[in-house]
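The structure appears below as structure tokens.
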Number of protein chains: 2
Amino acid sequence: MSELNPWLNIAPDSDFSIHNLPFGIFSLPNQRPRVGVAIGEFIIDLPAASQAGVFAGLNIPPVVLEQPQLNDLMLLGKTLSLQIRHRLQQQLCDATSALKVAAGVLVSRNAANMHMPVQVGDYTDFYSSIEHATNVGKMFRDPENALLPNWKHIPVGYHGRASSIIPSGEPIRRPKGQTLPKGQSKPVFQASQRLDFELEMAFIIGKESKLGQPISTQEANEYIFGMVLFNDWSARDIQKWEYVPLGPFLGKNFASSISPWVVMLEALEPFKVAGPIQDPPVLPYLEYQGDSNYDIDLEVGIAPEGKEETLVSKSNFKYMYWNMQQQLAHHTVNGCNVRVGDMLASGTISGHTPDSYGSMLELSWSGSKPLTLADGSARSFIENGDTVKMRGFSQRAGKRVGFGELSTKVLPSHP
Amino acid sequence: MSELNPWLNIAPDSDFSIHNLPFGIFSLPNQRPRVGVAIGEFIIDLPAASQAGVFAGLNIPPVVLEQPQLNDLMLLGKTLSLQIRHRLQQQLCDATSALKVAAGVLVSRNAANMHMPVQVGDYTDFYSSIEHATNVGKMFRDPENALLPNWKHIPVGYHGRASSIIPSGEPIRRPKGQTLPKGQSKPVFQASQRLDFELEMAFIIGKESKLGQPISTQEANEYIFGMVLFNDWSARDIQKWEYVPLGPFLGKNFASSISPWVVMLEALEPFKVAGPIQDPPVLPYLEYQGDSNYDIDLEVGIAPEGKEETLVSKSNFKYMYWNMQQQLAHHTVNGCNVRVGDMLASGTISGHTPDSYGSMLELSWSGSKPLTLADGSARSFIENGDTVKMRGFSQRAGKRVGFGELSTKVLPSHP
């Protein structure tokens with residue numbers, strides 16, 4: 001692609017540059033949710049753009065742009081979404097475009113409400129950061145043998161709850177549940193005392209596969225539509241008591257939060273980097289070609305009620321031991337099928353240094369090293385009234401592609 | 001309800017008596033799938049019945065009966081489905097009914113194809129049979145401490161895969177995956193050598209709950225629309241290597257099979273029985289009133305390719321330690337929401353005696369005691385070409401309410 005010079009004024013530090021153009025579902029007051037694309041401080045209203053002739057020659061049934069989710073658009077194939085993206089890039093550089101001229105096509109992002117971008121079929125959570133898995137293993141099992149024997153052979157994952165995935169801005173309630181007080185043999189029922197975030201990213205499936213038919217690492221990118229930031233809320237005390245032998249359940253399924261703009265995988269292409277060396281070598285079905293990690297800066301902040309935010313973690317998606325191609329190939333190698341709208345999250349993304357850990361569990365080392373926030377208060381886990389904010393972006397050679405913000409406030413437990 | 005004397009001839013041993021009237025999705029050759037109700041050897045074509053005036057006075061939007069799933073009908077509330085059921089019972093006892101008179105309302109079950117009855121949102125699998133959990137604990141952990149400490153406090157469960165739930169009649173392929181050969185430290189990739197069924201039942205959610213809002217044991221039955229037989233296919237060797245620490249994944253998600261007719265909870269009301277005594281006492285949110293187990297006879301048969309079936313297990317749903325009300329209350333006590341179409345399976349239903357175990361893992365005691373089938377062949381696990389059949393029914397005082405058959409053939413692995 002040659003140099004792109006948009007007629008729209010876009011701040012150099014905007015996540016939503018002309019190189020990004022993520023898809024989302026927005027609504028204006030008293031109007032129905034519909035498909036939009038973010039650019040700078042604006043949203044391109046796709047039904048309005050379509051009506052203004054911006055997509056002339058592209059075969060887009062207008063009704064798919066008026067849906068309250070992206071599934072129907074994705075079902076038409078990634079080629080079409082890429083054509084829309086390319087057309088918008090052209091038109092954003094053409095000062096005579098209907099995008100600029102027609103009324104109501106550009107909407108202020110500040111005026112819009114953002115909704116769940118997709119209807120999630122199945123949600124899977126992986127556990128693919130070696131730093132995170134090692135930290136958890138050290139705390140809960142054996143510091144000398146932190147990684148379990150399967151970890152370097154399998155992108156370990158499990159199924160999570162799709163119904164409780166919510167968009168940025170929607171608050172969560174502190175979950176109640178069974179926990180086992182230290183040294184006791186009988187559980188108690190109470191509000192979680194160890195509510196935590198997990199800094200993750202997730203990819204969204206844009207192409208259906210058939211039951212019984214694996215997807216190879218080579219084919220994987222065809223099936224991946226795009227990505228969002230993902231906060232895998234966790235109640236550590238509930239999780240600890242329940243998770244043996246079948247894995248996390250109520251410690252996780254009360255809520256997961258995602259950022260509202262789906263960044264297409266193709267927009268992240270310029271930010272590909274090599275992944276870590278995998279030793280021992282993986283089985284042939286997990287081998288892959290070329291750079292398959294992505295250099296995406298990530299950060300987490302905590303803002304107590306009415307107070308300023310403190311940055312508590314800076315991490316990067318490039319640290320992942322297992323990449324998305326491997327995750328998808330593994331997930332389907334037994335014939336498991338995927339559907340448009342399925343969401344696959346990375347697992348907590350922790351870096352090497354203590355300030356890059358992706359959860360309070362690791363940052364406070366299970367509560368033994370509380371963090372001090374800007375207002376002087378201490379945090380081992382998340383308190384009521386706290387708002388947890390996650391941000392992510394890639395930047396290289398003047399190009400910036402970001403995810404915006406994922407912001408979630410924690411309310412007290414249901415009375 | 002007074003005595004019901006249908007004008008239709010229904011065999012006394014039919015699962016689909018006038019006391020049952022389960023809902024399903026059927027199609028005839030070259031016609032679209034739609035809603036039907038099973039009666040004896042027939043299906044009542046609900047769109048046709050509606051057009052013939054059978055539901056006069058009930059407020060049923062005709063379009064919901066023409067959907068390829070029951071979700072839209074269930075979304076209108078269980079009261080309406082119960083009204084339909086009641087109206088059909090009346091009309092089946094009225095020889096002047098349009099049900100009998102109008103053409104095309106009764107369709108032969110033999111002529112119809114059955115489809116997935118619901119679109120499954122989230123699928124959860126519990127582990128609620130104490131006999132099964134004890135057997136598995138004895139085999140894989142410690143015979144003296146077979147049950148883990150949380151088991152009698154929590155209806156242990158985990159999230160499974162919704163996309164790969166298929167109806168009776170659809171074959172499955174033997175999954176491939178990573179397994180760790182005995183005594184070795186490196187996994188191999190191969191077709192599962194320990195393919196197993198799990199005899200389960202599942203209930204289907206018919207009423208939505210709000211995120212953050214628990215459902216009590218007292219409210220649970222309002223949310224439960226009905227039940228099906230459920231075969232939770234399992235690849236024991238894949239499961240064993242992958243499941244620590246986050247639970248089963250590829251060992252399960254290649255397929256689960258269900259029976260096609262959804263038996264309403266109200267049809268099972270006459271077959272309620274007391275559950276086992278729960279000791280230690282459960283936490284208050286898991287307490288319940290009255291009989292909440294159901295006396296449903298269950299059986300499993302294996303028919304090798306071209307051979308007759310051998311019955312390998314006879315069990316009963318009444319053995320469940322945790323009942324459905326408790327499962328649903330537990331699932332939502334942290335605020336997790338449920339949606340119409342969600343499916344919650346019981347876990348393997350094993351009885352006290354070795355001939356009542358609900359999986360080959362238990363029946364063959366991990367392969368150490370192979371079963372002998374009628375054709376003389378031995379089975380430790382399921383072989384290619386085998387068809388696994390599950391059946392279930394309740395019978396008491398001349399009333400029979402059954403689920404029909406869940407039949408699944410196992411094909412060789414994907415080449």
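Everything numeric here is computed off the predicted structure, so don't read it as measured data.
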CA sep, side-chain torsions, deciding dist, call: T124(B), R161(A), side-chain contact (heavy atoms from CB on, under 4.5 Å): CA-CA 9 Å; T124(B) 298; R161(A) 185 82 190 171; 3.6 Å; yes

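Looking at R174(B), there are no atoms closer than 4.5 Å to chain A (heavy atoms on both sides), in backbone or side chain. Only the side chain of L148(B) comes within contact range of chain A, with at least one heavy atom under 4.5 Å from a heavy atom of that chain. For L250(A), the parts sitting under 4.5 Å from any heavy atom of chain B are the backbone and the side chain alike. Interface residue L211(B): only side-chain heavy atoms are found under 4.5 Å from chain A. The part of D342(B) that comes within reach of chain A is its side chain, from C-beta onward, which places non-hydrogen atoms under 4.5 angstrom from that chain. Of the atoms belonging to I166(B), it is side-chain heavy atoms, and not backbone ones, that fall under 4.5 Å from chain A. Using a 4.5 Å cut-off between heavy atoms, V188(B) contacts chain A through its backbone alone, with no side-chain atom that close.
For the set C336(A), S163(A), A162(A), the count of heavy-atom pairs under 4.5 angstrom toward chain B peaks at S163(A). Taking W151(B), Y243(B), F254(B) one by one and counting their heavy-atom pairs under 4.5 Å with chain A, the maximum is reached by F254(B). Contacts with chain B were tallied for Y285(A), Y127(A), Y123(A); Y285(A) has the most, counting heavy-atom pairs under 4.5 Å. Residue with the most contacts toward chain B among R141(A), K186(A), E170(A), H153(A): H153(A) (heavy-atom pairs, distance under 4.5 Å). Across A235(B), A255(B), P245(B), the residue that shares the most heavy-atom pairs under 4.5 angstrom with chain A is P245(B). In terms of heavy-atom pairs under 4.5 angstrom with chain A, the leader among G212(B), G335(B), G137(B) is G212(B). Taking chain B as the reference chain and counting heavy-atom pairs below 4.5 Å, the highest number among S185(A), S192(A), P149(A) is found for P149(A). Between chain A and the options N150(B), D122(B), V244(B), D125(B), the largest number of non-hydrogen pairs under 4.5 Å is found for D122(B). Most heavy-atom pairs under 4.5 Å with chain B: of the set G121(A), P280(A), G160(A), S413(A), this distinction falls to G160(A). The choice from R173(A), H330(A), E242(A) that makes the most heavy-atom pairs within less than 4.5 Å of chain B is H330(A). Considering only heavy-atom pairs separated by less than 4.5 Å from chain A, the leading option among T332(B), I238(B), N253(B) is N253(B).
With values rounded to the nearest 0.5 angstrom, N334(B) atom CG is found 13.0 Å from K252(A) atom NZ.
When side chains are defined from C-beta on, Q178(B) counts as touching L286(A), because their heavy atoms get closer than 4.5 Å. For the pair K176(B) and P214(A), the minimum side-chain heavy-atom distance is 4.5 Å or more. Using a 4.5 Å cut-off on side-chain heavy atoms (C-beta onward), F249(B) and I154(A) make no contact. Residues P284(B) and F189(A) form no side-chain contact, since every pair of their non-hydrogen atoms from C-beta on lies 4.5 Å or further apart.
Counted within 6.0 Å of CD on Q184(B), heavy atoms from surrounding residues, nucleotides or ligands total more than 12; the atom is thus considered enclosed.
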